[in-house]
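What follows is a set of notes on a single structure, which appears directly below.
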Amino acid sequence: MADHPHPLRRRRRGRLAQHRSETADQRVAVIGLGRFGSSLALELTRRGWDVLGIDTDPALVQRHSDTLTHSAVADCTDPEVLRQLGVHEFTSAVVGIGTDMEASILIASNLLEENVPNIWAKAISRQHGQILERLGVHHVVLPEHEMGERVAHLVTGRMLDFIEFDDDYALVKTVVPDSITGVPLSESAVRSRHGVTVVGIKRPGEGFTHATAETVVAKGDVIIVTGKIQAVEAFAEAG
């Protein structure tokens with residue numbers, strides 16, 4: 001990496017920049033546009049987020065510049081570069097660098113110094129992950145267990161876990177939306193209205209139990225639902 005890096009390129013797509021740039025909770029900086037970072041960034045963009053993609057490799061940035069909301073060629077091991085790019089104003093940032101452990105740790109430290117509320121970082125080993133956790137990184141991702149698309153669902157907020165299966169189906173852990181609270185699941189019309197099935201429930205302070213037609217969910221409960229990916233996404237975001 002260069003001794004005195006500077007951002008070389010920033011690209012904005014007007015249709016999203018106008019509507020998303022001031023929506024702090026839907027802005028995310030993805031630092032490192034390799035396989036993991038790019039898949040994450042593209043999935044978040046698909047879901048309507050304002051995504052700033054950053055990498056030191058101009059070819060990688062160019063490859064995704066027409067798809068991401070913003071892009072920049074920059075070395076984020078320099079804290080001043082992060083400030084110039086406005087990353088300190090984001091509520092979420094992802095360190096997708098895996099091959100350069102030193103850069104990963106430096107960038108994570110810079111993000112922590114800037115008090116970015118939600119920091120996700122890819123680790124290339126459990127030892128690397130432990131270092132990131134000790135620094136105070138909020139979410140550490142091991143590549144052998146996580147994929148960018150899955151993490152994108154978690155970064156967006158309401159989903160607590162997301163597992164995709166074949167044939168476009170997914171299993172999701174999420175906080176129960178208000179629309180189905182207070183009545184038995186059989187009366188909530190969750191299947192007909194949302195196209196998903198509630199298969200498990202966890203009340204605060206208790207373990208998960210199997211959900212039945214008579215189960216009544218309450219505000220604050222965590223539930224497991226399954227269904228088509230688009231349906232479980234919409235259900236989890238219903239609030």
Side-chain angles (χ1 to χ4, degrees), residues 7 10-33 36-55 61 64 67-72 74-97 103-123 129 132-141 146-162 172-175 177-178 220 222 233-234 236-239:
R10 297 185 74 179
R11 181 183 178 89
R12 296 178 181 269
R13 280 167 51 203
R15 67 184 182 87
L16 278 179
Q18 293 175 2
H19 300 289
R20 299 291 190 185
S21 60
E22 299 303 319
T23 309
D25 61 352
Q26 288 191 309
R27 299 178 68 200
V28 59
V30 179
I31 304 169
L33 295 176
F36 172 83
S38 63
S39 66
L40 169 64
L42 293 171
E43 177 67 15
L44 287 169
T45 302
R46 184 187 72 80
R47 292 169 62 78
W49 276 50
D50 190 332
V51 179
L52 167 61
I54 309 169
D55 202 284
V61 174
H64 301 292
T67 306
L68 303 181
T69 321
H70 322 268
S71 61
D75 183 348
C76 293
T77 61
D78 183 342
E80 182 57 32
V81 169
L82 281 177
R83 296 189 194 101
Q84 290 178 20
L85 292 173
V87 175
H88 59 286
E89 299 174 355
F90 285 52
T91 55
S92 298
V94 179
V95 184
I97 298 169
S104 167
I105 293 168
L106 284 172
I107 293 168
S109 297
N110 291 340
L111 292 169
L112 288 164
E113 283 291 322
E114 294 297 330
N115 296 312
V116 176
N118 293 291
I119 302 170
W120 302 70
K122 173 184 175 182
L132 292 169
E133 288 175 347
R134 288 168 185 165
L135 283 174
V137 171
H138 310 108
H139 310 278
V140 176
V141 179
E146 310 284 353
M147 294 298 292
E149 292 89 345
R150 175 174 181 264
V151 177
H153 287 85
L154 307 184
V155 171
T156 55
R158 289 188 58 84
M159 293 190 195
L160 305 176
D161 206 351
F162 176 92
V172 167
K173 180 167 73 171
T174 186
V175 176
D178 293 339
V222 172
E233 287 177 350
E237 293 170 359

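Starting from 1, each residue takes its place in the sequence as its number.
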Is there a side-chain contact between Val81 and Asp75 (heavy atoms, below 4.5 Å)?
no
Do Val94 and Val141 have side chains that get closer than 4.5 Å, going by heavy atoms?
no
Under the side chain to side chain contact (heavy atoms under 4.5 Å, CB included) rule, what do Val95 and Val137 come out as? Steps first, then yes or no, please.
CA-CA 10 Å; Val95 184; Val137 171; over 6 Å; no
If you take all heavy atoms of [X] and [Y], which pair is closest and at what distance?
| X | Y | value |
| --- | --- | --- |
| Ala74 | Leu85 | CB-CD1, 3.9 Å |
| Ala108 | Leu132 | CB-CD2, 4.0 Å |
| Asp50 | Thr69 | OD1-CG2, 3.3 Å |
| Phe90 | Arg27 | CE1-NH2, 3.1 Å |
| Val140 | Gly129 | CG1-CA, 3.6 Å |
| Leu68 | Leu42 | CD2-CD2, 4.0 Å |

First locate atom [atom1] of [X], then atom [atom2] of [Y], and finally report the distance between them rounded to the nearest 0.5 Å.
| X | Y | atom1 | atom2 | answer |
| --- | --- | --- | --- | --- |
| Ile107 | Ile97 | CD1 | CD1 | 3.5 Å |
| Glu89 | Leu52 | CD | CG | 11.0 Å |
| Ser92 | His139 | OG | NE2 | 8.0 Å |
| Leu82 | Ile31 | CG | CD1 | 5.5 Å |
| Leu44 | Arg46 | CG | CZ | 9.5 Å |
| Asp78 | Gln84 | CG | CD | 7.5 Å |

Would the distance check show the side chain of Asn110 and the main-chain N or O of Cys76 forming a donor-acceptor pair, the cut-off being under 3.5 Å?
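Flag set: sc Asn110 to bb Cys76 pair under 3.5 Å.
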Tell me which donor-acceptor pairs under 3.5 Å the side chains of residues 112-119 have, and how far apart each pair is, sequence neighbours excluded?
unit_1	atom_1	unit_2	atom_2	d
Glu114	OE2	Arg83	NE	2.8
Glu114	OE2	Arg83	NH2	3.2
Asn118	ND2	Thr91	O	3.3

Between Val28 and Trp120, is the side chain to side chain contact (heavy atoms under 4.5 Å, CB included) condition met? List the steps.
CA-CA 10 Å; Val28 59; Trp120 302 70; over 6 Å; no
